[in-house]
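Working notes, beginning with the structure itself.
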Amino acid sequence: MTILVGIDVAKDKHDCFIMNSEGEVLAKPFTIFNNKEGFDFLYEKIQSVSSSDNIKVGLEATGHYSYNIIGFLLNKGLATFILNPLHTNLYRKSLSLRKTKTDKIDSKTIAMMLLSEVSLKSYSDISYHNEDLKSLTRYRFSKVEERAKLKTSFSRLAQILFPELEKLVPTLHMTSIYQLLEEFPSASAIASVHLTRLTNLLSKASKGHYDRETAIKIRDAAKNSIGSNMPAKSLELKHTIKLICALTIDIDEIEAEISKMMDKIASPITTIPGIGRNMGAMIISEIGDFSRFSSPDKILAYAGFSPSIYQSGKLDNCYAHMEKRGSRYLRYALFHAAKLVCHWDKTFADYLAKKRAEGKHYYVAISHAVKKLVRVIFHIEKTKQAFLKAS
C-alpha cells in the first residue's frame with residue numbers, strides 16, 4: 001500500500017493532506033509553518049499514520065518557496081514529486097464544476113494526482129543540487145540583460161554628445177572608449193584636453209593599441225563635432241559607464257563560478273561546436289535530471305518548443321504555433337545554441353540550408369535545428385559520450 005502526501009506550498013505555511021492508495025484519508029488537511037518545527041511535525045505525522053515504506057510526497061513547482069521543503073523531504077529519503085501547476089489546476093477543475101479553490105483543497109488535489117499519475121518520476125538529488133547551477137545561470141542571464149540595456153543607453157548618449165566618435169573606432173563598447181568618455185563625457189570636453197594627456201589615456205586604456213595619431217584624430221573630430229554640450233547627459237553617460245563596468249565585473253565572477261561547476265559536472269554538452277560553458281550550463285541546468293525524460297520530444301515539450309494542436313470536427317489548425325510554455329530560459333538557450341551550432345558545425349549548417357531551401361522561414365528552419373540539437377544533447381547526456389564531429 002502506498003502513502004500519498006499532498007502539500008500546497010506558500011510563503012509562510014504549507015497545507016498538507018495524507019491518504020493511502022485505496023483512497024482512505026489518513027490525515028485531514030492540516031497546516032504546518034515554514035520552519036524546522038513545521039517540517040519536523042510533517043515528518044512525524046507521516047510516520048505516525050504510515051506502516052509502509054512506500055511513501056510519495058507531491059507538491060507544485062512554486063519557485064523558491066518550495067526549495068527548502070524539497071531539500072528536507074529528500075534528506076529524509078522520501079520520494080518527492082514536483083507537479084506542474086497547470087496540470088493540478090486542470091485536474092482540480094475536472095473534479096468539480098464549482099469554482100472552489102483553497103489551499104486545503106489544493107493539498108488534497110495534489111495527493112489524488114499522485115494516485116492517478118502513475119507515470120510520474122520522482123524529483124532526484126541530481127535535480128535538487130542542480131538548482132545551484134540553474135540559479136547561477138539565471139542570475140547571469142538577468143545581469144547580461146541588464147548590461148545590454150545599459151549599453152543601448154550608452155550608445156544613445158554617445159550619439160548625442162559625440163556622434164563622430166563611432167566612425168573612428170571599431171565599436172564604442174571597448175574599455176578604451178569607456179575610460180575616455182568616463183573622464184571626458186562630451187565632444188567639447190575632449191576638444192579642450194591636452195593632447196599628451198589624451199594620448200596617454202588612450203594608450204594605457206588600449207594597452208598600446210591606440211597611439212598619438214589616434215588621439216589627434218579623436219581630438220580633431222571632437223573640435224568639429226556637432227555633439228550637444230549637455231551637462232545632464234554627460235553625467236548620465238559617466239554613471240552609465242560605471243554601471244556597465246561594475247556589471248561586467250559581476251558577470252565575470254558569475255561565469256568563473258559557473259565554469260567551476262561545469263568542471264565538476266563534466267558534461268559532454270560543451271563538446272558540441274558552438275556551445276560554450278555558459279550556454280551549456282544554462283541548457284543542462286534547465287533540463288535538470290535527464291532521467292526524468294523518456295525521449296527528446298519530452299524535453300522539447302518541457303521547453304515549449306512543441307507545436308500547439310487544435311482540432312475539432314472538420315476544423316483543423318493549418319498553422320500550428322509553438323506552445324511557448326515551460327522554461328523560457330531553456331527555450332532561449334536552445335534557440336541561440338542552435339544558431340551557433342549551425343554556424344560552427346557542417347552537419348547542422350547543411351541541415352539548416354536544406355530547410356531554408358524547402359522554403360521555410362529562417363526562424364522556422366532554426367526551430368527544426370533545435371529539434372535536431374535536442375536529440376543530440378539527449379543522446380550524449382544519456383551515454384556520456386563526446387559529440388562526434390562529421391569529418
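By convention here, the first residue in the shown sequence is residue 1.
- For E145, the CD atom counts as densely surrounded, since its 6.0 Å shell holds more than 12 non-hydrogen atoms of other residues, nucleotides or ligands.
- With salt bridges taken as basic N to acidic carboxylate O contacts below 4.0 Å, none links E286 and R331.
- Side-chain contact between I241 and K238: absent, with no pair of heavy atoms (C-beta onward) separated by less than 4.5 Å.
- Take S176 and apply the side chain to side chain contact (heavy atoms under 4.5 Å, CB included) test, not counting sequence neighbours, and it matches M174, A205, S206, Y210.
- Every residue two or more places apart in sequence or in another chain that forms a side chain to side chain contact (heavy atoms under 4.5 Å, CB included) with N34 is listed here: H14, F39.
- Residues L172 and L180 share a hydrophobic cluster, clusters being chains of Ile/Leu/Val/Met/Phe/Trp/Tyr side chains in contact below 4.5 Å.
- Under the 4.5 Å side-chain criterion, counting only non-hydrogen atoms from C-beta, K28 is in contact with V25.
- L300 and Y363 end up in the same hydrophobic cluster when Ile, Leu, Val, Met, Phe, Trp and Tyr side chains are linked at under 4.5 Å.
- The side chain to side chain donor-acceptor pair (under 3.5 Å) check on Y351 picks up nothing, with sequence neighbours excluded.
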Anything under 3.5 Å between a donor and an acceptor, one on a side chain of residues 41-48, the other on a protein residue two or more places apart or in another chain? List them.
residue	atom	partner	partner atom	Å
S48	OG	E44	O	3.4
S48	OG	K45	O	2.7

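- E146 is linked by a side chain to side chain donor-acceptor pair (under 3.5 Å) to nothing, counting only residues two or more places apart in sequence or in another chain.
- Contact check for F290 versus I377: side-chain heavy atoms found under the 4.5 Å cut-off.
- Within the 4.5 Å cutoff, the side chain of V5 has no heavy atoms near those of the L73 side chain.
- With salt bridges taken as basic N to acidic carboxylate O contacts below 4.0 Å, one links D350 and K346.
- Residue L195 shares its hydrophobic cluster (ILVMFWY side chains chained together at separations under 4.5 Å) with I216.
- There is no side-chain donor-acceptor pair under 3.5 Å between S66 and E60.
- Applying the side chain to side chain contact (heavy atoms under 4.5 Å, CB included) test to V364 and every residue at least two apart in sequence or in another chain returns K360, H361, S367, H368.
- Among all heavy-atom pairs drawn from L114 and V57, the shortest one is CD1-C, 3.9 Å.
- Residue F378 is tested with I287, T383, I299, D297 for a side-chain contact (heavy atoms from CB on, under 4.5 Å); the sole match is I299.
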Salt bridge (Lys or Arg N to Asp or Glu O under 4.0 Å) between E381 and K384, intermediate numbers included: CA-CA 5 Å; E381 284 292 336; K384 295 301 177 184; 3.1 Å; yes

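- Taking the charged nitrogens against the carboxylate oxygens, D132 and K134 have no contact shorter than 4.0 Å, which rules out a salt bridge.
- Evaluation of the ring-ring contact (aromatic ring centres under 6.0 Å, His included) test over residues 140-164, restricted to residues two or more places apart or in two chains, returns F141-Y329, F141-Y332, F154-H173, F154-Y178.
- Partners of S295 by side chain to side chain donor-acceptor pair (under 3.5 Å), not counting sequence neighbours: none found.
- Scanning for side chain to side chain donor-acceptor pair (under 3.5 Å) contacts around K149 gives an empty result, with sequence neighbours left out.
- Among residues two or more places apart in sequence or in another chain, the side chain to side chain contact (heavy atoms under 4.5 Å, CB included) test is passed with R156 by S153, I160, K233, E236.
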Residue pair D8, F17: steps toward the side chain to side chain contact (heavy atoms under 4.5 Å, CB included) verdict: CA-CA 9 Å; D8 185 75; F17 177 83; over 6 Å; no

Criterion side chain to side chain contact (heavy atoms under 4.5 Å, CB included) on L352 and Y362, from CA distance to verdict: CA-CA 8 Å; L352 180 64; Y362 175 75; 4.2 Å; yes

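- Looking at every heavy atom in both residues, A215 comes nearest to L198 through O-CD2, 3.4 Å.
- Between atom CD1 of residue I32 and atom CG of residue D40 there is a gap of 9.5 Å, rounded to the nearest 0.5 Å.
- The closest side-chain donor-acceptor pair between T270 and R277, if any, does not fall under 3.5 angstrom.
- Proximity of V374 to L334: side-chain heavy atoms (C-beta onward) are separated by under 4.5 Å at one or more points.
- Without hydrogens or angle criteria, S21 side chain to T2 main chain gives a donor-acceptor distance under 3.5 Å.
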Would you give me the side-chain donor-acceptor pairs under 3.5 Å for residues 182-192, sequence neighbours excluded?
residue	atom	partner	partner atom	Å
E183	OE2	R197	NE	3.4
E183	OE2	R197	NH2	2.4
S186	OG	S188	OG	3.1
S186	OG	A189	N	3.1
S188	OG	N229	OD1	3.4
S192	OG	S188	O	3.3
S192	OG	A189	O	3.1

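- Ring centers of F293 and Y302: under 6.0 Å apart, within the cut-off.
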